[in-house]
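In what follows, a structure is listed as structure tokens, so that the remarks can point back to it.
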Amino acid sequence: MAAAPTRAEALSLFRSLLRTARQFSDYNIREYARRRAADAFRENCALGDAAAAAAVFADGKKQLEVAKRQAVVYSLYAPKAKSIMEMKLQ
């Protein structure tokens, strides 16, 4: 039986997902990754079963690896112009 992740491990995974989300150059993708991480953690914060918590944690680690790879790919093909959401008012 898999052990449930500790609170520190879960918070570390959450911070890593948020850090990876900041690496996306496109505003929409960056905000989607940030929102998806927050929603997933909010949805699974009250899991009581150790096996279910371990499975969700393992899935989160897989999602982190996918996000890291996607951030590299997106950085290779970053758009030249900024999104309207990123432009500052003058």
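When reading the values below, keep in mind they use all heavy atoms of this one structure, side chains included, and skip hydrogens, waters and symmetry mates.
- Take Asp39 and apply the side chain to side chain contact (heavy atoms under 4.5 Å, CB included) test, not counting sequence neighbours, and it matches Arg35, Arg42.
- Within the model, atoms CZ of Arg22 and CZ of Arg19 stand 7.0 Å from one another, a figure rounded to the nearest 0.5 Å.
- With sequence neighbours excluded, the residues that form a side chain to side chain contact (heavy atoms under 4.5 Å, CB included) with Ala67 are Thr20.
- Although no hydrogens or angles enter the test, the distance criterion places a donor-acceptor pair under 3.5 Å between the side chain of Arg30 and the main chain of Phe24.
- In terms of the salt bridge (Lys or Arg N to Asp or Glu O under 4.0 Å) criterion, residue partners of Arg34 (sequence neighbours excluded) are, by chain and number, Glu31.
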Can you give each donor-acceptor pair under 3.5 Å made by side-chain atoms of residues 4-18, sequence neighbours left out, with the distance rounded to 0.1 Å?
| unit_1 | atom_1 | unit_2 | atom_2 | d |
| --- | --- | --- | --- | --- |
| Thr6 | OG1 | Glu9 | N | 3.2 |
| Glu9 | OE1 | Thr6 | N | 2.9 |
| Ser16 | OG | Ser12 | O | 2.9 |

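- Scored by the side chain to side chain contact (heavy atoms under 4.5 Å, CB included) test, Asn44 finds Leu47, Val56 as partners (sequence neighbours excluded).
- Ser25 meets the side chain to side chain contact (heavy atoms under 4.5 Å, CB included) test with Ala78, Pro79; sequence neighbours excluded.
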